[in-house]
Protein chains: 2
Amino acid sequence: MIWDDISVNHFSASIKYFFRDSNNIRTLDRKTPRIQDVARAAGVSTATVSRAISNPSVVSEATRNAVFEAIRSTGYQINLTARNLRQRRTRAIVVLVPNLGNPFFSHILAGIEQVAASAGFSVLIVDTKQPHANEGQLFTYLSSSRADGLIVLDGSLPVALFERRGTAGGLPPVVFACEWIAGSPFSKVMIDNAAGAAMAIRHLHGLGHRCIGHVSGPRGNVLTDTRLQGTRAALAELGLPVRREWFFDGDFSLQSGAEAARAWLALDERPTAVFCASDQMACGFISQLSMEGYTVPRDVSVVGFDDIDIARHFIPPLTTVRQPRNAIGAAAARLLIAQMGAGTADAPPVEEVLAVELAARRSAAPPGPAAG
Amino acid sequence: MIWDDISVNHFSASIKYFFRDSNNIRTLDRKTPRIQDVARAAGVSTATVSRAISNPSVVSEATRNAVFEAIRSTGYQINLTARNLRQRRTRAIVVLVPNLGNPFFSHILAGIEQVAASAGFSVLIVDTKQPHANEGQLFTYLSSSRADGLIVLDGSLPVALFERRGTAGGLPPVVFACEWIAGSPFSKVMIDNAAGAAMAIRHLHGLGHRCIGHVSGPRGNVLTDTRLQGTRAALAELGLPVRREWFFDGDFSLQSGAEAARAWLALDERPTAVFCASDQMACGFISQLSMEGYTVPRDVSVVGFDDIDIARHFIPPLTTVRQPRNAIGAAAARLLIAQMGAGTADAPPVEEVLAVELAARRSAAPPGPAAG
DNA sequence: AAGCTATATGTAATCGATTACAAGCAGCCT
DNA sequence: AGGCTGCTTGTAATCGATTACATATAGCTT
């Protein structure tokens, strides 16, 4: 038996389960063949196998073929951990997502995954809103031994988490997408939220609305702030009233949209149109109104923000500001990968702003005769 | 300077950027301190540092404190790659998701992430429907050097991908969730799809419907098949007609629901109720009908499947079969982790079936006077 | 023929932890 | 005193690849 010649007793091959070592003891197969085993099977050194795999052009054709044949026959699969240790990188990126259950992020993730996987990176996701995701826990994800880079979709994380530039254990490159931490020195991919909000307001104005309300996101969120600011600016620019009671607090959720609808119903003087800072809130708003016997856009016009999948199939189809969600994720991944390639040289943070557009559908229409 | 006493020239500390080696050459800081550096700072061996970190009770209190202080002062963070290599595991699980953009999966993912992260596992996601995710590419994710286990949410993957039991490079433990490959020998977490479908049909029957149609998922999908089968069985059991033209083909998407609506409209004899195999199709169905001037449940009752977030806020609120999405993900993760802990001993595959329940809302009501 | 270059390959150090094994030491028992 | 036990700690092997450096060979130039 050829196997008996093998002096190293943990030689492994693809099909057999057991071998006999030099003492003829039946030993369990190590199971996973190593580069060593391939080298032996091909009659070359491990260095040559390694080169044949990662830089085929430097080995002769004959050797290359022998190596590939040995890989096939042994069923060898590279051990990524060992490679990563030696190369001091992980070929992985971590994505910090606030609330994975929110469908808004699923397309962003899809965009990230697409670009990252094509470039050979694994995508590791972490939900920052889970109870176990406390600061200490999250901190461990920011280690360069975990990932070569980070994409952060949560602007509500404590800045302190990221304040480690230049210190030991250095922070890997970070790119923010969608949300970001105001004033932080990181690259970001974002949309022009203020401009999007302004588009919504101008659209309503163009339809004839003069009394326009707004349902905003959670306090302290950059998206809330920028959309709110865009809303106010556009209202002011158009000479429309900015009335405190027409601004409703939400948190981007369906539920909070429904609550805003109740608040709207409770008003003496109601705005004839409402711009919601998220589609989910817009749907919740319209849905609640419908339960109370009101109809959109007959009784009030509604514009959303995001253009989630359901928007065009809502009743009525939702007029909204479309965010290129997939493209945002893809751009963030590309930016991060570029940044990782640039080495440790602290490149200045870049900001990429993607265009939004208004998807005019049926939930916004000219104000009814009852309106002012 | 104390630094000049250090003979190993790549000593590193937390704050300074540069050191001088034994030749007094200014060298770049290695940046990330290693366990070696901690050991030196604490005046102990690396073995002791390692023990203090991973099994604190075996080192004396004095030493432990010294080590922790050294960790703090050096800013040491463990290198997971090195640890994983030595321990021959990755502390990561891979989740194979069909179409990340589908919000249905986001809650499943959230459940997985929650359990996995609490147990110290990273979650790596792969979108199996991306163009780059060909069989060869996916194969590399099934390597045990990539992850300690796999959760597969895509039942349409080729079985061949998983047929490596006992061969070299062995497949790590696999758990299917939601979908699965018929006849494959893996553990699964699923719901009783047939029972769920039967609940929907019986609910409609209870409301008085005698003519019930069905919009099914993509052909060949196990969910499609089991729900279809449950539908047929319930119809037969109740003595209701099973008419070929009342069964519409869909693919779970909003769009396909809308198409089914057009098909329904084109019928001479229309069923008074339609059970859709997904909420997305139900929404698309209702939405399309609404565009054509029809109203649910006045003109037709609709029941969905899944209970996605928007369901209760749809117009009308959608009657649907609720799947515990978060719990499915959590159960899959728990099962996988248990399986990984059980070692390589091939435990028999287990099947966990989670209960579904009917969420009766407004989209299904007794048939109108016009109906038979 | 000597010397040089280019190509292909092998040897062994290296990445940074964990852990088997050995050993030191204090306390206790006989 | 000698031996035993239990508690700490250190030494060095190990995980499985990559890669710097050395070396061998062939082909070419002068």
Side-chain angles (χ1 to χ4, degrees), chain A residues 8-12 30-40 42-67 70-71 74-91 140 143-146 148 168-169, chain B residues 8-12 30-40 42-67 70-71 74-91 140 143-146 148 168-169:
Chain A
V8 177
N9 71 12
H10 49 255
F11 177 87
S12 61
R30 293 185 74 267
K31 273 192 18 192
T32 59
R34 299 165 304 156
I35 200 169
Q36 186 80 248
D37 304 316
V38 176
R40 197 178 297 109
V44 299
S45 72
T46 61
T48 299
V49 175
S50 177
R51 284 187 283 251
I53 292 170
S54 51
N55 194 4
S57 68
V58 306
V59 305
S60 72
E61 191 180 336
T63 314
R64 205 188 312 146
N65 291 340
V67 169
I71 289 176
T74 53
Y76 173 72
Q77 275 192 272
I78 198 164
N79 182 312
L80 295 170
T81 308
R83 165 186 276 183
N84 289 342
L85 173 59
R86 179 60 230 249
Q87 299 189 328
R88 307 158 116 243
R89 46 148 220 210
T90 65
R91 295 247 115 199
T140 70
S143 152
S144 50
S145 81
R146 181 87 68 159
D148 298 335
Chain B
V8 177
N9 70 14
H10 50 255
F11 178 86
S12 62
R30 295 184 74 268
K31 273 190 22 193
T32 59
R34 298 165 307 156
I35 200 169
Q36 186 79 247
D37 303 315
V38 176
R40 197 179 297 108
V44 299
S45 73
T46 61
T48 298
V49 175
S50 177
R51 284 188 283 251
I53 292 170
S54 51
N55 195 4
S57 69
V58 305
V59 304
S60 72
E61 190 179 339
T63 315
R64 204 189 313 145
N65 292 339
V67 169
I71 288 175
T74 53
Y76 173 72
Q77 275 193 271
I78 199 164
N79 182 315
L80 296 169
T81 308
R83 165 185 278 184
N84 289 343
L85 173 59
R86 179 60 229 251
Q87 299 189 327
R88 305 157 116 241
R89 47 151 217 208
T90 66
R91 296 246 114 201
T140 69
S143 153
S144 50
S145 82
R146 180 87 67 160
D148 297 336

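Lettering follows sequence order; numbering is per chain, from 1.
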Rounded to the Å, how far apart are [X] [atom1] and [N] [atom2]?
X       : N      : atom1 : atom2 : value
A:Arg89 : D:dT19 : CZ    : P     : 8 Å
A:Asn65 : C:dA8  : CG    : P     : 13 Å
B:Gln77 : C:dA17 : CD    : C1'   : 15 Å

Of the listed nucleotides [options], the one nearest the side chain of [X]:
X       : options                : result
A:Val44 : D:dT8, C:dG10, D:dC15  : C:dG10
A:Ser60 : D:dT19, D:dT9, C:dT9   : C:dT9
A:Leu85 : D:dT18, C:dA17, C:dG16 : C:dG16
B:Ser50 : D:dA17, D:dT9, C:dT18  : C:dT18
B:Arg34 : D:dT18, C:dT19, C:dG16 : C:dG16
B:Asn79 : C:dG16, C:dT19, D:dT19 : C:dG16
A:Gln87 : D:dT9, D:dT18, C:dT9   : D:dT18

* Ignoring hydrogens and angles, tell me if any N or O in the side chain of B:Ser145 forms a donor-acceptor pair with the backbone of A:Ile78 under 3.5 Å. => yes
* Any donor-acceptor N/O pair, B:Asn79 side chain to B:Ala82 backbone, under 3.5 Å -> yes
* **B:Arg51 and B:Val44, any side-chain heavy atoms less than 4.5 Å apart** => no
* **Pairwise 5' ranking along DNA chain D for B:Ala82 and A:Thr46, keeping only the more 5' one** => B:Ala82
* Supply the atom-to-atom distance B:Arg83 CZ to A:Thr81 OG1, rounded to the nearest 0.5 angstrom. => 13.5 Å
* Is there a side-chain polar atom (N or O) of A:Arg88 under 4.0 Å from OP1 or OP2 of C:dG16? -> yes
* A:Arg86 (side chain) and C:dT14 (base): donor-acceptor pair under 3.5 Å -> yes
* To do: Kindly calculate the angle separating the two end axes of the helix from C:dA1-D:dT30 to C:dT30-D:dA1, each obtained from five base pairs, and round it to 10 degrees.
  => 60°
* Asked: Does one side chain, of B:Gln36 or B:Arg34, offer a donor that lies under 3.5 Å from an acceptor on the other?
  -> no
